[in-house]
There are 2 protein chains.
Amino acid sequence: MTATSGPNSRATIEDVALAASVSVATVSRALRGLPNVAESTRVRVEQVASRLNYHAHPNASGLASGRSLNIAIAVPVLNSWYFSEVVAGAEAVLPEAGYSLLVTATSSSAERSEFVRWAAFSGSADGVIMVDLPLDSNDVQLLSRAELAVVTTGFDCPEFPSVVVDNVAVGVLATKHLIDRGHRRIGILTGQSEDPLHFTVPSDRVDGFKRALLESGIDFDPNLECTGNFTTSGGREAMGSLLDLDESPTAVFAMSDEMAFGAIWAAHDRGLTVPGDLAVVGVDDHDMSEMLGLTTVSQQVDQHGVVAARWLTDGLGGATKASESAEMNIELVVRTTT
Amino acid sequence: MTATSGPNSRATIEDVALAASVSVATVSRALRGLPNVAESTRVRVEQVASRLNYHAHPNASGLASGRSLNIAIAVPVLNSWYFSEVVAGAEAVLPEAGYSLLVTATSSSAERSEFVRWAAFSGSADGVIMVDLPLDSNDVQLLSRAELAVVTTGFDCPEFPSVVVDNVAVGVLATKHLIDRGHRRIGILTGQSEDPLHFTVPSDRVDGFKRALLESGIDFDPNLECTGNFTTSGGREAMGSLLDLDESPTAVFAMSDEMAFGAIWAAHDRGLTVPGDLAVVGVDDHDMSEMLGLTTVSQQVDQHGVVAARWLTDGLGGATKASESAEMNIELVVRTTT
DNA sequence: CGACATCATGTAAGCGCTTTCAGGCCACAT
DNA sequence: ATGTGGCCTGAAAGCGCTTACATGATGTCG
């Protein structure tokens with residue numbers, strides 16, 4: 001049909017220009033809504049482009065303009081409820097701004113650094129969202145030097161805008177709730193004990209836990225702290241070991257709903273009732289929490305992704321803001337496990 | 001440091017060439033492991049490249065070579081256990097082959113078509129994985145014409161290699177198990193009743209269900225079929241309506257674990273015990289299924305993503321196979337809900 | 001010892017866009 | 001008429017790579 005190509009090969013801007021009897025420059029301007037194009041010309045070009053199924057080749061336009069129209073998101077793992085919510089949130093808003101989402105899982109510190117180098121030097125993405133992957137100073141340096149927009153989620157990074165939650169407040173809220181219910185011997189299920197990534201969420205929540213105890217005059221008992229790795233099975237094991245203690249807790253603060261599920265499971269394993277023998281409060285408001293009646297500190301996780309992505313696209317659009325940080329809301333949802 | 005650029009801007013192949021005292025062509029060849037490069041030269045180039053933090057600009061190399069080194073994956077939604085497993089599986093193997101993953105959620109038929117057009121004409125990706133998104137003939141045509149590798153997952157597409165499960169067998173397996181346990185009045189929780197996408201998984205599983213009943217001489221009762229939309233809350237509602245029937249079922253086949261969770265919930269709502277008053281079998285082997293003791297037909301979902309991705313990268317690597325289809329294993333995992 | 005592969009390297013022509021720069025055209029004021 | 005400015009458009013120079021193709025330097029063999 002067209003002068004230079006059959007229907008099989010992709011139409012180029014030149015095909016469109018030829019068919020519309022204008023120059024490639026005009027096609028480029030018309031299709032991108034740039035000013036200084038006569039309305040009649042624009043319409044004609046758009047019609048031809050659509051007829052030819054023309055899509056600008058991203059590599060070519062990216063090379064010429066220096067922009068890739070990609071946003072890269074890095075998460076520790078993909079197949080976990082929390083991270084897939086964040087990714088889904090980001091994915092939901094990026095297309096509106098014309099961006100695509102490159103997804104990478106970086107489970108180790110080495111992989112994270114490799115990702116940072118790639119993001120900083122390859123030009124694959126115009127912006128980066130780091131989810132729960134604290135950056136070391138080298139990472140920060142590389143990312144700052146690159147002409148790259150960066151937003152972090154789940155941890156505060158002074159150098160970049162961050163989407164965060166007040167995790168101390170999360171710990172306080174959950175723990176106070178248990179104390180209000182009359183509990184004095186309260187266990188806590190944390191994330192990793194030793195964290196090579198220096199992820200502060202667990203320690204902040206522990207701090208909140210301790211603060212709430214302190215304010216109520218309850219001594220913190222280190223024996224009641226146990227690591228559940230943020231997983232259901234980890235929570236089950238951790239809770240199991242707490243329940244097998246001579247003086248086992250009557251309530252537990254699990255710092256993720258998944259660990260809370262494991263805690264409930266461990267209680268059932270031992271014939272204990274929830275909340276009769278063990279009260280449980282989690283964090284997240286996981287899809288399954290309502291069904292299980294789990295009391296939890298809700299954070300709208302997908303919104304973390306949405307906010308991070310918006311921040312990036314807005315910044316890229318021009319209004320590059322200084323590094324602020326957005327604090328997301330939390331809310332105690334009381335159900336039947338407390 | 002280098003001749004043409006400070007440490008802030010990305011190093012180009014020319015910087016490397018200059019620093020290594022060779023031509024850009026040699027750098028290109030050396031770094032990509034092409035033949036006809038002296039070993040000493042290759043080593044030197046690699047050292048310089050590494051020192052300069054050089055990464056080939058993907059847009060530039062993509063434009064020149066016609067390859068993008070991206071794989072695009074499209075799923076109906078991202079924040080669902082099933083799809084995040086598939087995506088995670090694909091993401092896990094692509095980096096090995098040098099590919100990045102572009103993730104898109106296309107919840108409607110219009111979005112799916114838009115994705116197909118984009119994939120076929122933009123050149124953003126060298127390959128595409130369509131997950132549970134049946135293609136219409138127009139989609140197939142566009143994708144075939146584009147020089148694009150395509151793999152489908154979750155449905156059989158004669159034109160492209162497909163990663164599938166024998167869903168009739170799934171239905172038979174689950175239903176027979178319930179019949180073997182002595183149940184005669186068995187309900188079924190299906191996906192959407194009307195599916196604009198022509199997604200055959202639900203109907204195949206219903207077929208298996210009916211076949212198993214037939215083989216045991218049990219009449220199929222349409223009143224016992226209800227739609228749960230593959231979600232926990234949908235399953236709860238659907239199961240609720242079945243349990244409120246005059247002649248309610250003593251067992252139910254939920255065609256996803258999430259709906260099965262909802263079914264268990266609905267039983268608890270009414271003070272019924274599982275499996276005493278209601279036996280439940282699901283499909284998937286969701287992370288949470290073990291904890292809830294759910295009997296289920298397991299399919300290694302993440303492997304679907306792995307197989308699809310490998311197929312793509314292998315094919316792209318040269319050995320482009322004809323459109324075969326890989327049938328993934330299923331297995332009944334008996335736990336305490338039956 | 002000259003002819004001819006063989007290997008290592010360089011030269012240069014694009015890949016399909018964006019963007020700067022330089023007109024051409026027309027309306028309007030002078 | 002002449003000048004002036006505002007619009008619209010086209011020509012052309014890259015963006016940073018890959019990849020024929022050309023070239024020189026070796027080595028091999030009759």
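Quick caveat: nothing in here was measured; it's all calculated off a predicted structure.
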Whole-Å distance, B/E14 CD to D/dG14 P, equals 12 Å
side-chain contact (heavy atoms from CB on, under 4.5 Å) test vs B/F115 passes for just one of B/D139, B/L133, B/T104, namely B/T104
Across all chains, not counting sequence neighbours, the side-chain contact (heavy atoms from CB on, under 4.5 Å) partners of A/V24 are A/I13, A/E14, A/A17
Whole-Å distance, A/N59 CG to D/dT18 P, equals 12 Å
Has A/S28 got a side-chain N or O lying under 4.0 Å from the OP1 or OP2 atom of C/dT18? yes
Extract from the structure each pairing of a protein N or O with an N or O of nucleotides 21-28 of chain C at less than 3.5 Å, listing the distance.
none

Go through the side-chain N and O atoms of A/S68 and A/D126 and say whether any donor and acceptor fall under 3.5 Å apart. yes
B/D136 meets the side-chain hydrogen bond (donor to acceptor under 3.5 Å, both in side chains) criterion, sequence neighbours left out, with B/R112
Contacts satisfying ring pair (Phe, Tyr, Trp, His ring centres under 6.0 Å) that involve residues 58-96 of chain A (not counting sequence neighbours) are A/W81-A/H286
To the nearest angstrom, the NE2-P distance between A/H57 and D/dT18 comes to 14 Å
Double-helix bend of the helix from C/dC1-D/dG30 to C/dT30-D/dA1, axes at both ends from 5 pairs, round to 10°, gives 50°
**Request:** Take B/L135 and B/T152 through the test side-chain contact (heavy atoms from CB on, under 4.5 Å) and record every step on the way to the result.
**Result:** CA-CA 9 Å; B/L135 303 164; B/T152 66; 4.2 Å; yes
Contacts satisfying ring pair (Phe, Tyr, Trp, His ring centres under 6.0 Å) that involve residues 16-53 of chain A (not counting sequence neighbours) are none
Contacts of A/A64 meeting side-chain contact (heavy atoms from CB on, under 4.5 Å) (sequence neighbours excluded), chain-then-number -> none
Legend entry - Presence of A/S65 side-chain N/O under 4.0 Å of C/dT18 phosphate oxygens OP1/OP2: no
In whole angstroms, the gap separating P of D/dT19 from CG of B/L63 amounts to 12 Å
Those residues at least two apart in sequence (or on a different chain) that pass side-chain contact (heavy atoms from CB on, under 4.5 Å) with B/S124 are A/P58, B/L102, B/W118, B/S122
Show me the donor-acceptor pairs within less than 3.5 Å that the side chains of residues 34-42 of chain A make with the rest of the protein, sequence neighbours left out.
unit_1: A/R42; atom_1: NH1; unit_2: A/A30; atom_2: O; d: 3.0
unit_1: A/R42; atom_1: NH2; unit_2: A/L34; atom_2: O; d: 3.0

Distance below 4.0 Å between B/S61 side-chain N/O and D/dG16 OP1 or OP2: no
Of the listed D/dA12, D/dG14, C/dG10, the closest approach to the A/V24 side chain comes from D/dA12
Taking D/dC17, D/dA11, C/dT18 as options, the one with an atom nearest any side-chain atom of A/A25 is D/dA11
Atom CG of B/L18 and atom P of D/dC17 are separated, to the nearest Å, by 13 Å
From CD1 of B/I13 across to P of C/dG10 the rounded distance in Å is 12 Å
Sorted by position of nearest nucleotide on DNA chain D, 5' first, the leading residue of B/A56 and A/V22 is A/V22
Salt bridge (charged side-chain N to carboxylate O under 4.0 Å, His left out) pairs touching residues 52-73 of chain B, sequence neighbours excluded, are none
Ignoring backbone atoms, test whether A/T26 places a side-chain nitrogen or oxygen under 4.0 Å from the OP1 or OP2 oxygen of D/dT9. no
By side-chain contact (heavy atoms from CB on, under 4.5 Å), B/L63 pairs with (sequence neighbours left out) A/N59, A/A60, A/L63
Within residues 32-43 of chain A, the residues having a heavy atom closer than 4.0 Å to DNA chain C are A/R32
Verify the contact: side-chain N or O of B/R67 to OP1 or OP2 of D/dT19, cut-off strictly under 4.0 Å; return yes or no. yes
